[in-house]
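Sequence lines set the chain letters: A, B, ... in the order given, protein chains first and strands last, and positions in each chain run from 1.
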Number of protein chains: 2
Amino acid sequence: MLRSDAQENRDRVLDAARSLFSEHGLDVPIREIARRAGVGPATLYRRFPTKQALIDLAFAREVKQCREIVRNAWADEDPWRGMCSVVNGLAEINAQNQGFVDAFMTASPDAIDFAAHRADMLRMIAELCRRAKHAGALRPDFVLDDFILVLMVGRGLSAAPPDVRRTAARRFSALTLDALRASPTTATLPPPVRVTPAVLANWGGGRPI
Amino acid sequence: MLRSDAQENRDRVLDAARSLFSEHGLDVPIREIARRAGVGPATLYRRFPTKQALIDLAFAREVKQCREIVRNAWADEDPWRGMCSVVNGLAEINAQNQGFVDAFMTASPDAIDFAAHRADMLRMIAELCRRAKHAGALRPDFVLDDFILVLMVGRGLSAAPPDVRRTAARRFSALTLDALRASPTTATLPPPVRVTPAVLANWGGGRPI
DNA sequence: ACTCAAGTGGACGGGGGTGTCCGCTACGGT
DNA sequence: ACCGTAGCGGACACCCCCGTCCACTTGAGT
């Protein structure tokens, strides 16, 4: 059990980390977070021995939110509506949290939740895609890897200036969904990216941290 | 006039910079470039007093290529084919040159070419869009700012691992074009991003360098 | 009130990045 | 072949960030 002052400091650090990470990305100096929290560096390091640990905890909320979005979409009886809310929701999170995808992708192996969530979410999304295709709403040549592709390029949204991020996210997801929608005028696509785990791990050079 | 050895060193530095920048992005250490070129840091700094100057020159070729792509597209009698080649071409450049868009956007004010090229290209693209819309090929609610949006999220392509970049670029541009194509099933879009110069300058936090 | 361990922040050493200085090297005109 | 000078690269000073250590402070149990 933490002493009361220690607990409060820990909370303040997490708050500062959340706001700084989502505003400036993952490469904020640790000291800056400590300063914002009104705490010395040592205090921060004692609670979060490594930057990765801090990141994991700072983004835990968003990971939960992510999973929630996907689960709801998966449970939706209309698979296309599900797809839409997934794409919209992830774009929104991307826009509001600079570096969230990076955090999500580079989550440390011991943050078991992350890996489990990732796998789980991908499974649900895959099923969603299958159902949406079967319903004739999703273009038949769409593959799960395309979803990753969309997610990865969506990272660019978080780089948009704060005042246009939400607009950009909404516009982006609407355009993306139009691309994904089954449509009579749809052209044949070039071959999809095969997103193996290795490919995924190396997206972004694996060095956002 | 440069002495012959100096000239050769300068060329080697530029070559090294090009290959390192496109492979690892703009945050390659200057020393690394010097090392790769087989010269001392001082030599590099004498020819290119600031990192920005080096970046400007290293990417000059791609800027030219960019302009060329747009000019050809602009000259194309079929505006939609023009749009396609622009989107394809830019995605390709993005995929092959990590950090190219960053370089393009953050080009120093004195690298006049950049600003001029940007403005010029945007003008041509705007006209292309108008013609494509008029021909009924481009969705009517598309605005020029959407083009910037696509360009900006396309940055994410350069972060893909080298072995999938071209595939990713091709797939991405094909999907994007499907989103831009006028189509009977197209949904109404949310409001577009208003990409003012300030917005543009702040995209990416203005700090890729 | 007293005590003492948990908690704290300033200070330190290490690493890596940038840009600059200076004594040596070697190109190229004579 | 010689020599003046442009050119060179190693060494330097500076800054920022990371992670750790240690003497001091303070919460909370008695």
- Note on the structure: Under a 4.0 Å heavy-atom criterion, the protein footprint on nucleotides 8-20 of chain C, written with B, S and -, is BBBBB----SBBB
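Running 5' to 3' along DNA chain D, contacts with non-hydrogen atoms of chain A at under 4.0 Å begin and end at D/dC17 to D/dA28.
Contacts classified as salt bridge (charged side-chain N to carboxylate O under 4.0 Å, His left out) and involving residues 156-169 of chain A (residues at least two apart or in different chains) are given here: A/Glu92-A/Arg166. For the salt bridge (charged side-chain N to carboxylate O under 4.0 Å, His left out) condition, the pairs that include at least one residue of residues 12-21 of chain A, sequence neighbours left out, are A/Glu8-A/Arg12.
A/Arg130 has no carboxylate O lying under 4.0 Å from a charged side-chain N of A/Glu127, or vice versa, which leaves the two without a salt bridge. A salt bridge does not link B/Arg71 to B/Glu68: none of the charged side-chain nitrogens sits closer than 4.0 Å to a carboxylate oxygen.
Listed by chain and number, the residues in a side chain to side chain donor-acceptor pair (under 3.5 Å) with B/Thr196 amount to none (sequence neighbours excluded).
Between A/Phe59 and A/Phe100, the ring-plane angle classifies as tilted under the 30° and 60° cut-offs.
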Show me the donor-acceptor pairs, under 3.5 Å and distance only, between side chains in residues 143-152 of chain A and residues at least two apart or in other chains.
{"from": "A/Asp145", "atom 1": "OD1", "to": "A/Val195", "atom 2": "N", "distance (Å)": "3.0"}
{"from": "A/Asp145", "atom 1": "OD2", "to": "A/Arg194", "atom 2": "NH1", "distance (Å)": "3.1"}
{"from": "A/Asp146", "atom 1": "OD1", "to": "B/Arg171", "atom 2": "NE", "distance (Å)": "2.8"}
{"from": "A/Asp146", "atom 1": "OD2", "to": "A/Val143", "atom 2": "N", "distance (Å)": "3.1"}
{"from": "A/Asp146", "atom 1": "OD2", "to": "B/Arg171", "atom 2": "NE", "distance (Å)": "3.2"}
{"from": "A/Asp146", "atom 1": "OD2", "to": "B/Arg171", "atom 2": "NH2", "distance (Å)": "2.5"}

